[in-house]
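So that the names make sense, note that chain A is the first sequence line, chain B the second, and so on, each numbered from 1. Computed from a predicted model, the values in this text were never measured in an experiment.
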Amino acid sequence: MDYNKLTLPEATEIQEDLRHKLRFDRPDAQVIYTIGGADISYNKGSEILYAAIVILNYPDMTLRSYALATGHSSFPYIPGYLAFREVPALLNAWSLLPVRPDVLVLDGQGILHPRQMGIASHFGVLTGQATIGCAKNSLYGRHADLARFKGSSTPIVDGVKHIGHLLRTKEAVKPVFISPGYGLSVNKSLEVIRQSTGRYRIPEPTRLAHNIVNDFRTGKLNPGYHEVEQPLSLF
DNA sequence: GCGACAG
DNA sequence: ATCTTGTCGC
């Protein structure tokens with residue numbers, strides 16, 4: 001289906017439909033050996049989106065491979081509907097991978113969303129892939145204040161529902177918003193992101209995907225599937 | 001009506 | 001998200 005010319009009511013209807021397919025206990029997402037990171041980049045004013053999906057070993061975070069692809073999107077950025085803009089391009093990169101990671105981290109929300117259908121949940125339901133949402137800013141949910149030290153976390157709730165965590169990935173630096181997209185629990189999602197965090201605010205999977213997709217957009221890397229010869233850990 | 005509002 | 005200059009701190 002083409003997301004490019006959906007009306008907002010139609011997009012909302014799709015989210016209401018997909019939310020019923022959410023699962024948080026997929027058996028294949030409990031033991032993790034590889035983790036993926038996905039991100040999008042584009043030039044301001046252009047409808048061409050650049051997508052990157054990287055795969056790294058878990059938990060050592062060495063880069064193993066990555067897929068680069070472009071996509072076209074005329075669907076605008078509207079808070080609550082990010083998936084309709086970015087998922088198509090991500091699926092193009094996804095289709096280039098010969099093997100999928102055990103879990104994939106997306107730049108955005110999972111179930112920390114008014115209809116529990118952030119981009120990580122949307123992508124997960126569509127592909128059956130276990131996903132985690134790691135966002136740099138809040139979209140939905142309430143939480144208490146967070147301690148200043150690295151590693152501190154506090155639940156994010158929707159009334160009495162526990163839907164995610166606020167996690168301080170670096171001392172005295174703005175925390176990130178973690179929630180399951182599909183296939184694993186709220187607590188497991190937090191644990192996986194904790195294990196994937198190095199010396200930077202952004203966890204390695206999405207941090208590397210962000211760096212690589214920008215090199216792709218600026219012509220330093222070519223589209224297609226690439227394997228890293230000598231995986232080097234940066235921490 | 002007002003404030004909030006992923007990337 | 002992208003663009004862009006300057007500033008603060010390890």
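Heavy-atom contacts from other residues, nucleotides or ligands closer than 6.0 Å to CD of E47(A) number more than 12. Atom CG of D145(A) is surrounded by 12 or fewer heavy atoms from other residues, nucleotides or ligands within 6.0 Å. Shown here is I48(A), whose CD1 atom has no more than 12 heavy atoms of other residues, nucleotides or ligands within 6.0 Å. Around atom CZ of R19(A), more than 12 heavy atoms belonging to other residues, nucleotides or ligands sit under 6.0 Å away.
Residue G45(A) is out of contact with every strand shown, counting any heavy-atom pair closer than 4.0 Å. L112(A) comes within 4.0 angstrom of no nucleic acid atom, judged by non-hydrogen atoms across all strands. Within 4.0 Å (heavy atoms only), H122(A) reaches no atom of the nucleic acid at all.
Distance from the side chain of S41(A) is smallest for dA1(C) among the nucleotides dG7(B), dC3(C), dA1(C).
Going from atom CG of L8(A) over to atom P of dC5(B) covers 18 Å, rounded to whole Å. Distance OH (Y77(A)) to P (dA1(C)): 10 Å, rounded to an integer number of Å. In this structure, the CD1 atom of I48(A) is 15 Å from the C1' atom of dT2(C), given to the nearest Å. For R207(A) and dG7(B), the CZ to P distance is 17 Å, given to the nearest whole Å. Following rounding to the nearest Å, Y3(A) (OH) and dG7(B) (P) show an atom-to-atom distance of 20 Å. Between the CD atom of E47(A) and the P atom of dG7(B) there is a distance of 21 Å, given to the nearest Å. Atoms CG (L82(A)) and C1' (dA4(B)) sit 17 Å apart, rounded to a whole Å. For the pair L90(A) CG and dA6(B) C1', the computed distance is 14 Å after rounding to whole Å.
A donor-acceptor contact under 3.5 Å is not formed by the side chain of Y81(A) with the base of dG7(B).
Using a 4.5 Å heavy-atom threshold, the side chains of I119(A) and E86(A) count as touching.
Using modelled atom types, one side-chain atom of Q129(A) and one backbone atom of P101(A) make a donor-acceptor pair closer than 3.5 Å. Side chain of E16(A) to backbone of A11(A): no donor-acceptor contact under 3.5 angstrom is found.
Between K136(A) and dG7(B) there is a side-chain N or O to OP1 or OP2 distance below 4.0 Å. Residue R217(A) places none of its side-chain N or O atoms closer than 4.0 Å to OP1 or OP2 of dA1(C). In terms of phosphate contacts, Y140(A) brings no side-chain nitrogen or oxygen within less than 4.0 Å of OP1 or OP2 of dA4(B). Remark: N43(A) is not in phosphate contact with dA1(C), judged by side-chain N or O atoms under 4.0 Å from OP1 or OP2. The shortest distance between the side-chain N/O atoms of N214(A) and the OP1/OP2 oxygens of dA1(C) is not below 4.0 Å. For H210(A) and dG7(B), the shortest distance from a side-chain N or O to OP1 or OP2 is not below 4.0 Å.
In secondary-structure terms, DNA chain C builds no stem of at least 3 consecutive Watson-Crick or G-U pairs having both distances under 3.5 Å.
With hydrogens and angles left out, the side-chain atoms of T7(A) and E10(A) include a donor and acceptor closer than 3.5 Å.
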